Amino acid sequence: MQESFWQKLQFIDRRILYALLLIVIIAPLFLPIRLPTVTMPSTQRLYDAIESIPPDGFIIISSTWSGGTRAENMPQTIAILRHAMQRRLRVAVFSFDVQGTQLSLDIAKRLAQEYGYEYGKDWVHWGFRPQAEVVMKSLVRDIPGTFDKDYDGKPTKDMPVMRGIRDIDDVDAIVEIAASGIHLSWIGLVVGVNPELKFGFCPTSVMVPETYPYLASGQIVGTMEGMRGAAEYESLLRKPGLASVGMGSISLAHVLVMLLIVIGNIGYFASRRRRS
Amino acid sequence: MLEPIRQFFAPKPLDVVAYYVVGAVVFSILVIILLLNLPARLRKPLIALVTFGAGLFYVTEFFWPIDKNTNKNFLTDYLVSASKLGSLLAGMTLTLGILSLLRVHGRNIVRLRSGWYNSLALLTAMVAMVVFGLMDKYSDNATAKKVFNVLFEGMLINMDATMFSLIAFYIVSASYRAFRIRSIEATILMTAAFLVMLAQVPVGLALTSWIPRDGVWDSLRLEVVKEWLLTVLNAAALRAIAFGLGIGGLAISLRIWLSLERGAYFEKEI
Amino acid sequence: MQHAFEKIWPVLIVEVLTAVIIIWRILSAQRGKELFIRRIPGLNAIDEAIGRATEMGRPVLMVPGIGGFGIIALQALSIFSYIARSTAKFGNRILMPVADATVYTVAEEVIRDAYQAEGHPERFDPDSIRFLSDRQFAFASGVAGLIQREKIASSFMFGEFFAESLIFAETGNMVGAIQVAGTTQTTQIPFFIAACDYTIIGDEYYAASAYISRNPTMLGSIVGQDFGKLLIVGLCLVGSVAATVAALDVPLLSTAGELFMQLFRIREPGG
Amino acid sequence: MEQLWQDFLSRPGVYLGAICTLALMSLIYRENAVYRFFEHIFIGLAAGFSIVALVKNILDPFLYQPVFQKGEWYWTFVFMFGLLFYFIHSRKYNWLSRLPIGFLMGFSAGQTFQIFANTYLPQLSDSFRPLYVTTPDGAVDIAKGINNFIFMLVLVSVMSYFFFSFEQKSRAIRSSAQFGRWVMMVAFGAIFGTTIMARMALLFDRMYYIFGDWLRLVR
């Protein structure tokens, strides 16, 4: 009898596996679990870069994502905006994606309220900008001209938030939150022009390997690697949020997968020993 | 010599354009009638010629010497038009696909086959989306915009996301079943996946986070191992596969462009 | 790089030379020369999978991916036309959901021709080839439903697949189908390997129609492709040596190495 | 009940989205009538959206506007040429549909030269890896050299697996191809491992949609 239990371990019904997965994904939503956080150097570097910007510095946040990658990109957007507003930087948000425009606007409005940021004075949303490369080429030389109107069509010329901002040399940092490989265009067209400029990139987890070469060369100052990066950033900010909850779910799911692989192999060995 | 032709094809004032359109339609119909009577032995060469000509545009555009200042040659300015032409032609086949849906599901409804109500739901959803989608774009009706928003953002986008998320379940059952120490290959596959999985989550990273960074043993930290796997091993293997795919794609393209391709579709008598 | 003349030498050495070799091998193969091609196990399994569908009396599923109309879809259709000839012979039911209207248009003709070629045009059911949706996950939901409702016996997936690959492969596995898959999207290969019985990798995909049909033209092309790959391997090795001597600071040799690298260096996208 | 109805009216998209989500998710238990119904709705909506996109993004800007707003009447020929597709259902004149099909094939094939040059030539020159590397301050970088050696070894052995026509008689080629296959398995395992994260994030997002956005049980 004992033997057959071990053998059964390799044929667990898939519905049991699916139920277990649902449990580990849902449970952390209601019972926040504390898991050890290890901060990756790339996340720390991004955090340090934002920390090093002088107060009243100017940061551009580009939010090129849509509902499909909300789980990963939304916490990243929140984390970076939160950090910028904690440090009282002047913030400009915009997006190369229609959906991302609305999503980032909602997030920014909420956080602006939390940190007492006044629209037009402390922050601005430049709205949706199609044709990324054209925009990038033009913002290098002329920022007020490139973003002459905000998301609502209001002229940005006289907004106090834009004071003293003429071209790329006046920008302290650009952070791109994206579900695509758009960092290549930033690196190719913008990053080299102002050597002081800090370019941060927040990709989804599948995109992460593509960032390694540029992190090594310093063209990307730091990254948030998908939801895990966002969770690490949240813990650096001491503001656990959606990513910390999500990482609980996702970590447990990984543990589940690994456990199941081990269990399956135990079953496989048990039946093989029996046969031989 | 070329000038009259260019004049003829130049954009026309809006008040006479209709005549030109009608003329083009009549002319095209005449050509089609001519084609209908084309002797069978000329059909294949004609198709080969059309295929070759279409490909020749892009090939010439790519290989023709360029003006160093503008980075263009005499065809470069037509690239945009060519891509519009391609989208327009490919787009026109959508109707054939939609006709397939209408045929299959229309028949289900008419014959009240089991599950006919599903087919009805499909066609209703389709019509609703077309009506409200077009109204959203071409009219100012506020209700239509709201309904379209519910159909698109509320239903379609969420259904996309849900089907996508099902992969999470399937990835669990697939890895449970496939990652067994059955053969050398399966074991390698499993080990690599396992290592990377560990390095993806804080729980796994914590296992090696006590190893000092910048030390000699630094390269045993899981995130370093993962990065090495992905940047050195993976990059090289994927690049080798990509080279093969590139050459294979080039070969098939050549065969099709020059009508050297063989196989059912290409060998049939027409 | 928009034009060949921006960097003409690598284009000539790699691309044009490979193209010339491929055409030359094709033409010489057409004059009748016995050609060898190594075994591709996944493709040998096609007959086994069809045989099982015949035994079980359940349908055969063919999915040509979700890519648009182009060389990849055409290659998939070549493979499916071979499969369709077998199913025409044995009278299996086939199902072919398609995600692109142009591919659908051509697929219908290809499969009809296959049935005609086998002398069983009456066995061809036009409804067996269906346009489902050109939207990735709507298509996936349709195919997943189809697989479970029809309890398919074998499943062939060839073409361009993206994330939905695992949805097809796992639902197919759930109903116990024998599955053979191949795609040019290398990032999806791991999921096919995990859930399918046979997976063909990389440009085995482009060798498939030659392997199945043993058509001299196509075999000639495969030989030409091998020369192209050999050329690339050779260039990589020479390039690595050149880069090494360039770094070593040997007089003359280093300059030669640097020149060789210069010949091929192309600005990386964004670099 | 009244309250529920009011809530539904205030955000019908979220309610319908949640119902769609649950219905499609039921597939993991088994294929069922509810799933089937929503699957058909999904395909219907998607087909409708494709038609809208065809009109909005192709027919309107590439056919109607150029012809009737800019007077570029010659696009009419393209439309007429496209009509030849519809001969595919004709028994006798079926071959006419091969003209636009052949045209599209030629179009797709002709672009390969540029795509190949753009995709693979930079990768080729990037593969010229020196086995002797020095750091900017002049010291020998052994780790980088070893990595470059491994890179070249993997590249060549994986490519050797993809030689089809050379009979793999020589032991060197055979073992190189075998090694290449093993390395590919490492690569595939690594891809599998990295992808899990993204997929789990998607499922988490769905659960957050149900419990957060819809039911408002979570913040």
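Keep in mind the model is a prediction, meaning the values are calculated, not measured. Below, each value reflects all heavy atoms present in this structure, side chains not excepted, and no hydrogens, waters or symmetry copies. Here is the naming used below: chain letters follow the sequence lines, and residue numbers restart at 1 for every chain.
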- [ ] Name the region of B:L123, side chain, backbone, both or neither, that has any atom closer than 4.5 Å to a heavy atom of chain D.
- [x] neither

Task: Interchain contact, D:L96 with chain B, by part (heavy-atom threshold 4.5 Å) - done: side chain

TODO: Quick one: do D:F49 and B:F152 satisfy ring pair (Phe, Tyr, Trp, His ring centres under 6.0 Å)? Show the steps, please.
DONE: CA-CA 8 Å; D:F49 192 74; B:F152 183 68; 4.7 Å; yes

Task: Engaged part of D:L54 at the chain B interface, taking heavy atoms whose separation is under 4.5 Å - done: side chain

Task: Side chains of D:D213 and D:Y208, donor plus acceptor under 3.5 Å - done: no

Task: Interchain contact, B:D160 with chain D, by part (heavy-atom threshold 4.5 Å) - done: both

TODO: Give, as side chain, backbone, both or neither, the part of D:Y120 having an atom under 4.5 angstrom from any heavy atom of chain B.
DONE: both

Task: Non-hydrogen side-chain atoms of D:W75 and B:L88 separated by less than 4.5 Å - done: yes

TODO: Compute the centroid of each ring, for D:W182 and then for D:F179, and state whether the two points are separated by less than 6.0 Å.
DONE: no

TODO: Let me know if B:I98 has heavy atoms under 4.5 Å from chain D in its side chain, its backbone, both or neither.
DONE: side chain

Open item on the list: Can you tell me which portion of B:L35 sits under 4.5 Å from chain D's heavy atoms? Options are side chain, backbone, both or neither.
Closed with: both

Open item on the list: Taking every non-hydrogen pair under 4.5 Å, which of D:L153, D:T76, D:T195 racks up the most with chain B?
Closed with: D:T76

Open item on the list: For D:L104, is there any backbone N or O sitting under 3.5 Å from a side-chain donor or acceptor partner on D:S108?
Closed with: no

Open item on the list: Report which part of B:F8 has an atom under 4.5 Å of a heavy atom belonging to chain D: side chain, backbone, both, or neither.
Closed with: both

TODO: Name the region of B:L134, side chain, backbone, both or neither, that has any atom closer than 4.5 Å to a heavy atom of chain D.
DONE: both

TODO: Pick one of side chain, backbone, both or neither for D:L124, based on which atoms fall under 4.5 Å of a heavy atom in chain B.
DONE: both

- [ ] Determine the option with the most heavy-atom pairs under 4.5 angstrom with chain B, choosing from D:F116, D:Y86, D:F107.
- [x] D:F107

Task: Atom group of B:E185 that falls short of 4.5 Å from chain D, counting heavy atoms - done: both

Open item on the list: Any heavy-atom pair between the side chains of B:F148 and B:M129 that's under 4.5 Å?
Closed with: yes

Task: Portion of B:L101 that has a non-hydrogen atom of chain D nearer than 4.5 angstrom - done: side chain

Task: Per-residue contact mode, B:L229 against chain D (heavy atom under 4.5 angstrom) - done: side chain

Task: Structural part of B:S175 lying under 4.5 Å from a heavy atom of chain D - done: both

Open item on the list: Heavy-atom cut-off 4.5 Å, strictly under: side chain, backbone, both or neither for B:F164 against chain D?
Closed with: both

Task: Top contributor to chain B interface from D:T194, D:V183, D:L16, D:I101 [non-hydrogen pairs under 4.5 Å] - done: D:T194

Open item on the list: Heavy-atom pairs under 4.5 Å with chain B: which of D:E72, D:M184, D:K56, D:K70 has the most?
Closed with: D:K56

Task: Atom group of B:A199 that falls short of 4.5 Å from chain D, counting heavy atoms - done: neither

Task: Which portion of B:Y20 sits near chain D, non-hydrogen atoms under 4.5 angstrom - done: both

- [ ] Could you go through the side-chain contact (heavy atoms from CB on, under 4.5 Å) check for B:I252 and B:W257 one step at a time?
- [x] CA-CA 8 Å; B:I252 296 213; B:W257 182 44; over 6 Å; no

Open item on the list: Would you say that B:F179 contacts D:F192 through its side chain, given a criterion of any heavy-atom pair below 4.5 Å between the two side chains?
Closed with: yes

Task: Side-chain heavy-atom pair B:S165, D:L203 within 4.5 angstrom cut-off - done: yes

TODO: Identify which part of D:R11 has an atom lying under 4.5 Å from any heavy atom of chain B, answering side chain, backbone, both or neither.
DONE: neither

TODO: Please look at B:A48 and chain D and tell me whether the side chain, the backbone, both or neither of the residue comes under 4.5 angstrom of a heavy atom of that chain.
DONE: neither

Task: Contacting region of D:F38 [heavy-atom separation from chain B under 4.5 Å] - done: both

